[in-house]
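Here is the structure we will look at, set down as structure tokens.
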Amino acid sequence: MTSALWSFAVVAGLVTIVPGLDTALVLRAALTRGRRVAFATALGVNTGVLVWGAAAAAGLSALLTASQVAFTALRYAGAAYLVWFGVSMIVKARRPAAGVAEPAVREGGGLVSAWGRGALTNLLNPKIGVFYVALLPQFLPQEAPPLVGGLLLALVHNVEGLAWFTLLIFGAGAARSWLERPAARRVIDRVTGTVLVAFGLRLALSPQ
């Protein structure tokens, strides 16, 4: 099992640092809402990873590979959510800035909402499930219980993801003082919203 964990850590580490939707969400939160909201978003993403890992180990996400209907339904649901989320950010960024500065973070609700966005975005991406169901069996030792082994591998991915997000969050924090102006925040929201819409359209139009 130790050998499997190290081997998986190498592959998962390479996947983690490839720029993608999760990175865009966490980076946007760090630049516009601060470290606490960014870490809440990152924890939400990691929660989704754990759920996908458990589902893949239990054989549930194999349904996405075996059933075209299930995969298509989840793909369209995820695409619709991403497009809606991205468009709402773009529309919000087009509104004129108010004269009063926006509060930093709404305690409780702001953090919970950030966690929920991270988790939901990850869970509604069926390609994460397909990735896990294709990858996990190659690293699970035959003597290891599938569910326990799958959760351990997903936990390795979580640790690497959190380490990567921590670097991004603190790196973004160093530049945040220059990016807190309303005009800069609107640009960030426009760029991030466009990325989300592009990911959603790509997810909806991809054949697999």
Side-chain angles (χ1 to χ4, degrees), residues 12 15-17 19-55 74 77-95 97-125 128-129 132 151 154-197 199-200:
V15 172
T16 297
I17 63 177
L21 179 60
D22 296 338
T23 299
L25 284 178
V26 174
L27 194 55
R28 183 257 176 185
L31 291 172
T32 63
R33 301 293 303 280
R35 291 176 182 173
R36 297 183 66 190
V37 174
F39 274 114
T41 304
L43 289 175
V45 170
N46 284 355
T47 301
V49 169
L50 278 178
V51 172
W52 275 122
L74 187 56
Y81 171 74
L82 292 178
V83 171
W84 169 81
F85 191 15
V87 169
S88 66
M89 290 176 63
I90 295 172
V91 171
K92 180 181 178 182
R94 292 175 62 89
R95 295 173 184 167
V100 181
E102 181 181 350
V105 178
R106 289 191 301 271
E107 296 295 333
L111 298 179
V112 172
S113 297
W115 175 87
R117 281 194 296 270
L120 191 60
T121 300
N122 192 279
L123 289 173
L124 286 177
N125 188 351
I128 300 295
Y132 264 95
L151 285 174
L155 188 59
V156 168
H157 195 182
N158 260 265
V159 171
E160 292 179 330
L162 189 57
W164 174 245
F165 289 146
T166 299
L167 290 175
L168 291 177
I169 291 168
F170 278 95
R176 192 176 177 229
S177 59
W178 290 278
L179 296 169
E180 285 184 328
R181 294 173 297 175
R185 293 171 64 110
R186 289 197 296 272
V187 170
I188 293 170
D189 280 351
R190 288 192 189 106
V191 172
T192 308
T194 302
V195 170
L196 293 177
V197 172
F199 269 103

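Bear in mind that the values here come from a model prediction, so they are computed numbers and not experimental data.
With sequence neighbours excluded, the residues satisfying side-chain contact (heavy atoms from CB on, under 4.5 Å) with T166 are F39, L162, F170. Under the rule for a side-chain contact (heavy atoms from CB on, under 4.5 Å), the partners of A40 that lie at least two apart in sequence or sit in another chain are L111, A114. Under the rule for a side-chain contact (heavy atoms from CB on, under 4.5 Å), V159 has no partner lying at least two apart in sequence or in another chain. The side-chain contact (heavy atoms from CB on, under 4.5 Å) test applied to V45 returns D22, N122, F165, not counting sequence neighbours.
The structure places CZ of R28 at 15.0 Å from OG1 of T23, a figure rounded to the nearest 0.5 Å. From T41, atom OG1 reaches atom CG of N46 across 11.0 Å, with rounding to the nearest 0.5 Å. How far CZ of R117 is from CG of L25: 8.5 Å, rounded to the nearest 0.5 Å.
Looking at every heavy atom in both residues, V197 comes nearest to I90 through CG2-CD1, 4.4 Å. Between A30 and I169, the closest heavy-atom pair is CB-CA, 4.1 Å.
Between the side chains of W115 and T47, at least one donor N or O sits under 3.5 Å from an acceptor N or O.
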